[in-house]
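Right, one structure below, let's go through it.
In this text the structure is predicted, and so the values were computed from the model without any measurement. The sequence lines fix the lettering, A, B, ..., with proteins before strands; numbering per chain opens at 1.
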Amino acid sequence: ELKVEQNPLFLSMQEGKNYTIYCNYSTTSDRLYWYRQDPGKSLESLFVLLSNGAVKQEGRLMASLDTKARLSTLHITAAVHDLSATYFCAVNPTGTASKLTFGTGTRLQVTL
Amino acid sequence: GAVVSQHPSWVICKSGTSVKIECRSLDFQATTMFWYRQFPKQSLMLMATSNEGSKATYEQGVEKDKFLINHASLTLSTLTVTSAHPEDSSFYICSARDPKGSSNQPQHFGDGTRLSIL
């Protein structure tokens, strides 16, 4: 059974601080996606990581992928309140077309 | 960009009634659509994969007779929750795959439907 686990599940951090969210998955996958979800809303695509060693950055967020370790990270730099949301990684296992398995989610709360 | 419209966005109904949720791809033809359920403070759980012109593929533990999925056209899939009960209350999200799209966006997500059963 494919497992996609995120750590931590909940994160409260002050504005200006840095932190990393981890996403571990248990099967072979060449593609990993990060999404953001605001309360009561659907998903917003953040990053697409398509190969080993891929690194993508957008604003204060940076995502990376290590397919050998089956690990992806989402690094937050100098957090601001607007980043408060729930973040999900999702894995597209090899050979399953576009089927996605979502991680457990990390609820991020950035305090002033 | 590709847009997926989901309707209704919120529905409240009495226990025992059936509720239909629509998912439309507005500017592309979706041969495959997906239905997810999300309970409060939990992740998205795939319920079923809907393929145009054929029967849906349900995930383990999802009742086929309770959650009826119809994908009658390339732009519309419907999820009907039959004889809904309070435990069916959840946030339901559909997504659609654009076969001509890139791997950058394997699925385009609808805005979700919040279902509350009293």
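Nearest heavy-atom pair across R107(A) and K41(B) is NH1-NZ, 4.5 Å. When every heavy atom of F88(A) is checked against every heavy atom of Q38(B), the shortest pair comes out as CZ-NE2, 3.6 Å. Contact detail for S43(B) and F102(A): the closest heavy-atom pair is OG-CB, 3.5 Å. Here the closest non-hydrogen pair linking S42(A) and I93(B) is OG-CG2, 3.7 Å.
Under a hydrophobic-cluster definition in which Ile, Leu, Val, Met, Phe, Trp and Tyr are linked whenever side-chain heavy atoms come within less than 4.5 Å, directly or via other members, I117(B) and M47(B) are assigned to the same cluster. Grouping the Ile, Leu, Val, Met, Phe, Trp and Tyr side chains by contacts below 4.5 angstrom, directly or via other members, places V4(A) with L108(A). Following chains of ILVMFWY side-chain contacts shorter than 4.5 Å, one can reach L65(A) starting from L74(A), so the two form part of one hydrophobic cluster. The cluster map of Ile, Leu, Val, Met, Phe, Trp and Tyr, joined by side-chain heavy atoms under 4.5 Å apart, puts F34(B) and L43(A) in the same cluster. Under a hydrophobic-cluster definition in which Ile, Leu, Val, Met, Phe, Trp and Tyr are linked whenever side-chain heavy atoms come within less than 4.5 Å, directly or via other members, L32(A) and L61(A) are assigned to the same cluster.
With a 6.0 Å radius and a threshold of 12 heavy atoms from other residues, nucleotides or ligands, K56(A) has its NZ atom above the threshold. More than 12 heavy atoms of other residues, nucleotides or ligands shown are found within 6.0 angstrom of CD on E87(B). Counting heavy atoms of neighbouring residues, nucleotides and ligands inside a 6.0 Å radius, atom OH of Y58(B) exceeds 12 of them.
Residue Q60(B): no heavy atom, backbone or side chain, is found under 4.5 Å from chain A. Of the atoms belonging to Q6(B), not a single heavy atom falls under 4.5 Å from chain A. Interface residue Q37(A): only side-chain heavy atoms are found under 4.5 Å from chain B. Only the side chain of Y35(A) comes within contact range of chain B, with at least one heavy atom under 4.5 Å from a heavy atom of that chain.
Counting heavy-atom pairs closer than 4.5 Å to chain B, the top residue among S45(A), A90(A), G105(A) is S45(A).
The closest side-chain heavy-atom distance from L100(A) to Y36(B) is below 4.5 Å.
Interatomic distance, T101(A) OG1 to L44(B) CG, rounded to the nearest 0.5 Å: 11.0 Å. Once rounded to the nearest 0.5 Å, the distance linking NZ of K41(A) with OG of S9(B) reads 9.0 Å.
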